[in-house]
Amino acid sequence: MSSPVDPVRVWTALSLIPEGKVVTYGQLAELSGSPRSARVVGNILKQLPAGSHLPWHRVINSKGHISFPQGSSQYAKQRTRLEAEGVALVAGKINLSLYRWQGE
DNA sequence: CTGTTGACCAAAT
DNA sequence: TATTTGGCCAACA
């Protein structure tokens, strides 16, 4: 029994992530009601309009890394936004046990 | 229809 | 500890 991924639920869950906290793609998938759809969530984020106010930068992968190639403008953007809200990267990596959002 | 791809993940090697 | 492998789901050719 598989439920399709509803982009609206992803956007909603995303909007609830507090400043200074992060979630993984897999976690956002389960918060959206589709526990096995981490990759699909990534695709949905990719398709967000440029002007979106949603905190897409608070989503990282399970290793604590930003899922963009280092040196890309997107990587720089995400990193800058994270650090601006107090999320530190040590050796390019975020400490999940410290910054991961524990849900509501 | 089959095969490939991807802002992913966890287990096995 | 580092890589590879297999699984996942949706979109696309």
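It should be emphasised that the depicted structure is a prediction, and the values quoted were computed from it without experimental measurement. Each chain gets a letter, A, B and so on, in the order the sequences are listed, and its residues count up from 1.
Separating the CZ atom of A:F68 from the P atom of B:dG6 is a distance of 14 Å, rounded to the nearest angstrom. For A:R9 and C:dA10, the CZ to P distance is 14 Å, given to the nearest whole Å. Summarising the geometry, the separation between CZ on A:R79 and C1' on B:dA7 is reported as 17 Å, rounded to the nearest angstrom. The CD1 atom of A:I17 sits 13 Å away from the C1' atom of B:dA7 (whole-angstrom rounding). If you take CD of A:E30 and C1' of C:dC9, they are 16 Å apart, rounded to a whole angstrom. Between the C1' atom of B:dA7 and the NE2 atom of A:H65 lies a distance of 14 Å, rounded to the nearest Å. C:dC12 atom C1' lies 11 Å from atom NZ of A:K46, rounded to whole Å.
The side-chain contact (heavy atoms from CB on, under 4.5 Å) test with A:I60 is passed by exactly one of A:H65, A:R100, A:Q78: A:Q78.
In the displayed structure, A:R79 atom CZ is contacted under 6.0 Å by more than 12 heavy atoms of other residues, nucleotides or ligands. The environment of CD in A:Q47 is crowded: more than 12 heavy-atom neighbours from other residues, nucleotides or ligands sit within 6.0 Å.
Atom C1' of C:dA13 sits at a distance of 22 Å from the matching atom of B:dA7, rounded to the whole Å. Annotation: C:dT5 and B:dT4 have their P atoms spaced 16 Å apart (nearest Å).
Side chain of A:N43, nearest nucleotide from B:dA7, B:dG6, C:dC9: B:dG6.
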Handout entry: Protein-to-nucleotide contact annotation, 5' to 3' order, nucleotides 8-13 of chain B [B base; S sugar-phosphate only; - none; under 4.0 Å, heavy atom]
Key = BSS---

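Summarising the geometry, atom CG belonging to A:L14 is positioned 7.5 Å from atom OG belonging to A:S52; distances are rounded to the nearest 0.5 Å.
Hydrophobic clustering (side-chain heavy atoms under 4.5 Å, transitive across Ile, Leu, Val, Met, Phe, Trp, Tyr) keeps A:V90 apart from A:L82.
At the heavy-atom level, A:V59 lies nowhere under 4.0 Å from the strands shown.
Here the side chains of A:V5 and A:V10 are in contact, with some heavy-atom distance below 4.5 Å. You'll find the side chain of A:L96 reaches within 4.5 Å of the side chain of A:V22, heavy atoms only.
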